[in-house]
Amino acid sequence: MYLAKVIGRVVATTKDQSLSGAKLLIVIRLDARLNAEGETQIAVDTVGAGDGETVIVTTGSAGRLAGMLGQSVVDASIVGIVDTVECHDRTGG
């Protein structure tokens with residue numbers, strides 16, 4: 001699992017039947033200081049996340065276990081909306 005920020009939405013009228021009714025959001029992974037890093041990814045929203053929210057994303061086979069996606073083509077799912085993050089700097093600075 002990792003933290004990500006919702007930065008957009010994807011609308012696809014033609015898609016695999018297992019994604020019917022699924023809300024697809026564009027997310028970008030966040031580092032420990034909540035700065036965007038890496039590439040964007042499309043994730044199925046299972047918790048009602050919205051634009052700009054910090055979320056918890058799970059990927060791979062765990063991504064399909066979220067919600068009712070067991071037999072879906074899903075590789076990434078949003079499984080939580082983050083309220084706060086506490087990160088303690090352990091670099092000795």
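Computed from a predicted model, the values in this text were never measured in an experiment.
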Sequence neighbours left out, cut at 3.5 Å: what donor-acceptor pairs do the side chains of residues 4-11 make with other protein atoms?
none

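Qualifying side-chain contact (heavy atoms from CB on, under 4.5 Å) partners for V85, counting only residues two or more places apart in sequence or in other chains: L3, L34, V82.
In this structure, OG1 in T58 is found 9.5 Å from CG in D75, a value given to the nearest 0.5 Å. To the nearest 0.5 angstrom, L30 atom CG is 11.5 Å from I56 atom CD1. How far CG of L25 is from CG of D45: 5.0 Å, rounded to the nearest 0.5 Å. If you take CD on E37 and OH on Y2, they are separated by 10.5 Å, rounding to the nearest 0.5 Å. Remark: K15 NZ to L24 CG distance equals 6.5 Å, nearest 0.5 Å.
The nearest pair of heavy atoms linking A76 to T59 is CB-CG2, 4.0 Å. The minimum heavy-atom distance between V79 and M1, with the atom names listed, is CG2-SD, 4.4 Å. Taking both residues in full, the closest heavy atoms of A43 and V27 are given as CB-CG2, 4.4 Å, listed atom of the first, atom of the second, then distance. Taking each heavy atom of V55 and A49 in turn, the nearest pair found is CG1-CB, 3.7 Å.
Checked options L19, V57, I78; the residue passing with V44 is L19 (criterion: side-chain contact (heavy atoms from CB on, under 4.5 Å)).
Counting heavy atoms of neighbouring residues, nucleotides and ligands inside a 6.0 Å radius, atom CD1 of I42 does not exceed 12 of them.
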